[in-house]
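For reference, the structure is listed below as structure tokens.
Letters A, B, ... mirror the listed sequences (proteins, then strands); counts begin at 1. Here the structure is a predicted model, which is why all the values come from computation and not from measurement.
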Amino acid sequence: MAIENGITPNSSPTSVSSPTRITTIAEIGEHVDERITLRGWLYNLRASGKLLFPIFRDGSGTIQGVVPKAEVPERVFETLKSLTLESSLTVTGRVRADSRAPSGYELDVEDLTVIQRIPEETPYPIQLKEAGVDFLMEHRHLWIRTPRQSAILRVRATIMRAAAEFFDNRGYVRTDPPILTPNACEGTSELFEMEYFDEGKAYLTQSGQLYVEATAMALGRVYSFGPTFRAEKSKTRRHLTEFWMIEPEVTYMDLDGLMNLAECFLTHIVRRALELHAADLKIIGKDVTKLEAVIAGSAPNGCEDGREQRSGFPRLSYDQAHAMLIEAHQRGLLENAHRYGDDFGSPDETYLSSQFAKPVMVHRYPASVKAFYMQPDPLDPSKALCVDVLAPEGYGEIIGGSQRIDDFDLLRRRIEEHHLPLEAFEWYLDLRRYGSVPHSGFGMGIERCVAWICGLEHIRETIPFARTLHRIYP
RNA sequence: UCCUGAGUAGCUCAAUGGCAGAGCAUUCGGCUGUUAACCGAAGGGUUGUAGGUUCGAGUCCUACCUCAGGAGCCA
């Protein structure tokens, strides 16, 4: 770009002397003692008389520059000295290893070109000092430039890729369900509603599960990966109205196979996050020993076919979990005693997960508190063949799954018992009319997984632009 | 939907019912190893909105608005 925006014209970095290599801060360690060019922004600037310490960022990281007045052209020194924070620029200099620098490297600045200078009258609104949640969320489009938020979004990207590649590597076919749906999947949650031409109401999907059951019957092993929407007026650090979910569905898989699958799946994601993001997790402030404990004992390429239990996530039946909660209440660790037959509340889940270093799998809940399509346990038909996976450190349920009802008559009866419109489920019942087979699947909320792996206080930081009860801007 | 809490300078926060304050940011000056740099100076206010009590309200009362934390429900 040849934009100088009112400042003294600079020569372009490439015209100064020898051609330089354009690189990124993340890769700067490969260019020690070389002359390189970075393209980014001025993150911070400290001045000490005739010595400037600009900190540059380029999206991949930050690095401190050193600019002694006596050793650079006056134009470079004066331009940088009065440059406003977050102004965009390219900078050329020599990379030097320096033990005083947090990252281990510094840049001896030789030249720079300002791309856009932010005027003093309208300074960059986000300071390096702490700010309130409301202010930061109102400026989310700028907040994501900070090192910590950028690091979180990089880890999120890896988690999403690791989740998809886990299934891709095992022969699953990605089959994404529709986002616009004609009716409520499970008849429970509040849905976002809209007019759909002359066809009446349509709704934003709350889960693609029923549709992936259909694609599984076509393709065997499938998964979906996309956004889902809940219009529930939940107002907690664990809830978004729009979030991403990955949902595998597998024919001829029972609950035990599903639990193995979920365990291998989470192990893979945690392993990839640790492999690729040690630096980012450090910026975020996550204690990685807690993640290492999750995958301890697992084999890097284990869990083939979901038949082997490798890293040993603890498994509790609903009854066992209930007993633990009763005991915790008696010892004064829980305020309210869990009532047998009820679902677990948030404090209950937090307590259960806090008892283990690994995610805990709670299975076979009472059918009455679970969705209509879950297969009853043949050993106790009052229980459903389902599993919730609770993340460690109180991050709550990150996976919910079950074996699905494959018997036509039972499924139809359940639809009627839940007072769901039978005609809307005819296509779903067709899956049991025509070559029904046992099958299972689960769904994992990406954002809760990111919040857990990054150790975040609030789920709103796990997605570039969070949609919550009282926020839809920016 | 319910419970609790908070709205004062661009940002983070002070101010017993009695003159509207500080730090950061911005501007100017100083400083050659700073790590949210530091030191000095300047500018910057309809105290969320509307009423009420009072000689006097940022402070007390009422309603509303906005936001946050939690519950329920969920991933």
Side-chain angles (χ1 to χ4, degrees), chain A residues 43-55 62-72 77 82 84-86 98-103 106 108 118-139 142-143 146-148 186 188-190 206-209 227-247 335-336 342-350 369-371 388-391 395-401 442-452 457-460 462-463 468-471 473:
Chain A
Y43 174 68
N44 194 14
L45 178 66
R46 286 183 283 264
S48 180
K50 296 181 177 57
L51 187 60
L52 305 179
F53 296 102
I55 298 179
T62 62
I63 187 170
Q64 174 166 282
V66 183
V67 189
K69 186 176 171 65
E71 294 172 32
V72 299
F77 187 85
S82 64
T84 44
L85 301 191
E86 280 299 316
D98 193 310
S99 59
R100 289 170 292 192
S103 68
E106 286 189 339
D108 287 326
I118 300 176
E120 284 82 0
E121 304 82 59
T122 55
Y124 187 69
I126 298 196
Q127 299 175 28
L128 274 53
K129 293 197 118 186
E130 63 190 31
V133 168
D134 188 34
F135 177 81
L136 290 173
M137 287 305 288
E138 283 292 313
H139 295 82
L142 304 177
W143 186 23
T146 59
R148 177 182 158 86
E186 305 179 15
T188 52
S189 298
E190 298 276 338
Q206 61 171 340
S207 164
Q209 185 211 305
T228 54
F229 306 86
R230 306 278 167 93
E232 310 246 344
K233 300 200 171 175
S234 300
K235 199 168 144 50
T236 79
R237 68 183 71 187
R238 297 178 308 280
H239 287 87
L240 298 170
T241 55
E242 175 183 324
F243 64 97
W244 284 65
M245 191 151 64
I246 187 164
E247 297 176 278
E335 190 178 339
N336 297 313
D342 284 0
D343 206 347
F344 300 127
S346 209
D348 299 327
E349 289 185 353
T350 300
V369 301
K370 288 292 179 181
D388 282 0
V389 182
L390 309 180
Y395 281 94
E397 181 186 348
I398 52 171
I399 284 180
F442 66 75
M444 184 186 77
I446 292 294
E447 286 76 16
R448 283 192 182 174
C449 184
V450 175
W452 159 51
E457 280 292 306
H458 202 294
I459 198 167
R460 66 185 155 223
T462 64
I463 185 168
T468 57
L469 183 54
H470 293 301
R471 188 171 298 284
Y473 178 91

Open item on the list: Taking the C1' atom in each of B:G17 and B:G56, what is the distance between them to the nearest angstrom?
Closed with: 8 Å

TODO: Using whole Å, report how far CD of A:E349 lies from C1' of B:C73.
DONE: 11 Å

Open item on the list: Students often get this wrong, so: under 4.0 angstrom with heavy atoms, is A:D343 touching a base, only sugar-phosphate, or nothing?
Closed with: sugar-phosphate

Open item on the list: Measuring only the P atom in each nucleotide, how far is B:A75 from B:U47? A whole number of Å is fine.
Closed with: 47 Å

Task: Nearest-Å distance once atom P is located in both B:A14 and B:U32 - done: 38 Å

Open item on the list: Taking only the C1' atom of each, what is the distance from B:C61 to B:G21 in whole angstrom?
Closed with: 27 Å

Open item on the list: Distance check needed: B:U32 C1' versus A:Q64 CD, whole Å only.
Closed with: 13 Å

TODO: Can you tell me, in whole Å, how much space there is between the C1' of B:C67 and that of B:U8?
DONE: 16 Å

- [ ] If B:A6 has a Watson-Crick or G-U wobble mate with both distances under 3.5 Å, name it; if not, just say none.
- [x] B:U66

TODO: For the residue pair A:E106 and A:Q64, confirm or rule out a side-chain donor-acceptor distance under 3.5 Å.
DONE: yes

Open item on the list: How many whole angstroms separate atom CZ of A:R460 from atom C1' of B:A68?
Closed with: 8 Å

Open item on the list: Let me confirm one number: the CH2-CG distance from A:W452 to A:L390, rounded to the nearest 0.5 Å.
Closed with: 11.5 Å

Task: For B:G43, the Watson-Crick or wobble counterpart (both distances under 3.5 Å) - done: none

- [ ] Applying ring pair (Phe, Tyr, Trp, His ring centres under 6.0 Å), name anything that partners A:H470, two or more places apart in sequence or on another chain.
- [x] none

Task: Side-chain donor/acceptor of A:H470 to base of B:C67, under 3.5 Å - done: no

Show the distances under 3.5 angstrom between N or O atoms of the protein and N or O atoms of nucleotides 9-12 of chain B.
unit_1, atom_1, unit_2, atom_2, d
B:G10, N2, A:Q127, NE2, 2.1
B:U12, OP1, A:G132, N, 2.9
B:U12, O2', A:E130, OE2, 3.4

TODO: Using the C1' atoms only, state how far B:C11 lies from B:U26, rounded to an integer number of Å.
DONE: 12 Å

Open item on the list: Does the structure show a Watson-Crick or G-U wobble partner for B:C73, both distances under 3.5 Å? Name it, or say none.
Closed with: none

- [ ] Indicate yes or no: at least one non-hydrogen side-chain atom of A:F77 is less than 4.5 angstrom from one of A:V67.
- [x] yes

Task: Whole angstrom value for the distance that separates C1' of B:A75 from CD of A:E247 - done: 9 Å

Task: Under-4.0 Å side-chain N/O to phosphate OP1/OP2 contact, A:H239 with B:G72 - done: no

Open item on the list: From NZ of A:K235 over to P of B:C67, roughly how many Å is that when rounded to an integer?
Closed with: 8 Å

TODO: Just compare B:G33, B:A36, B:A71 and give me whichever is closest to any side-chain atom of A:R46.
DONE: B:A36

TODO: Please tell me if the side chains of A:L51 and A:V66 come closer than 4.5 Å, counting only heavy atoms from C-beta onward.
DONE: yes

Open item on the list: Less than 4.0 angstrom between a side-chain N/O of A:R238 and OP1 or OP2 of B:G72, yes or no?
Closed with: no

Task: Sugar-phosphate only, base, or nothing, as touched by A:R471 at under 4.0 Å among non-hydrogen atoms - done: sugar-phosphate

Open item on the list: Roughly how many Å apart are B:A9 and B:G30, using the P atom of each and rounding to a whole number?
Closed with: 32 Å

Open item on the list: Under a 3.5 Å cut-off for both contacts, is B:A22 paired Watson-Crick or G-U wobble with anything, and if yes, with which nucleotide?
Closed with: B:U12

TODO: Provide, to the nearest angstrom, the distance between the CG atom belonging to A:L51 and the P atom belonging to B:C38.
DONE: 16 Å

TODO: Tell me what A:I399 touches on the nucleic acid: a base, only sugar-phosphate, or nothing, going by heavy atoms under 4.0 Å.
DONE: sugar-phosphate

- [ ] May I have the distance from A:D342 (atom CG) to B:C74 (atom C1'), rounded to whole angstrom?
- [x] 15 Å

Open item on the list: Both A:M245 and A:T468 contact RNA chain B. Taking the nearest nucleotide for each, which residue is further toward the 5' end?
Closed with: A:T468

- [ ] For the side chain of A:P123, starting at C-beta, report the closest nucleotide among B:A37, B:A75, B:U26.
- [x] B:U26

- [ ] Would you check if the side chain of A:E447 reaches a backbone N or O of A:W244 as a donor-acceptor pair within less than 3.5 Å?
- [x] yes

Task: Donor-acceptor pair present, A:S234 side chain and B:C74 base, under 3.5 Å - done: no

TODO: Rounded to the nearest 0.5 Å, what's the gap from CG on A:D343 to CG on A:D388? Could you check?
DONE: 7.0 Å

- [ ] Remember a base hit wins even if backbone is also touched, and classify A:A47 as base, sugar-phosphate or nothing at under 4.0 Å, heavy atoms.
- [x] base

- [ ] Answer yes or no as to whether B:A37 has its base stacked against A:F53, where stacking requires a ring-centre separation under 5.5 angstrom and planes under 30 degrees apart.
- [x] no

Task: Side-chain touch A:R448/A:I459, heavy atoms, less than 4.5 angstrom - done: yes

Open item on the list: With rounding to the nearest 0.5 angstrom, report the CD to NZ distance, A:E71 to A:K50.
Closed with: 14.0 Å

Task: For atom NZ of A:K50 and atom P of B:A37, their distance in whole Å - done: 21 Å

Open item on the list: What contact category does A:S346 fall into here, base, sugar-phosphate, or nothing, at under 4.0 angstrom with non-hydrogen atoms?
Closed with: sugar-phosphate

Task: Residues which pass side-chain contact (heavy atoms from CB on, under 4.5 Å) with A:D134, listed by chain and number, not counting sequence neighbours - done: A:E138, A:R471

Task: Selection from B:G69, B:A75, B:A36 that lies nearest to any side-chain heavy atom of A:H458 - done: B:G69

Open item on the list: In whole Å, measure the gap between the C1' atoms of B:A68 and B:U12 for me.
Closed with: 16 Å

Open item on the list: Could you identify the nucleotide paired to B:C31, looking across every strand shown and requiring Watson-Crick or G-U wobble geometry with both distances under 3.5 Å?
Closed with: none

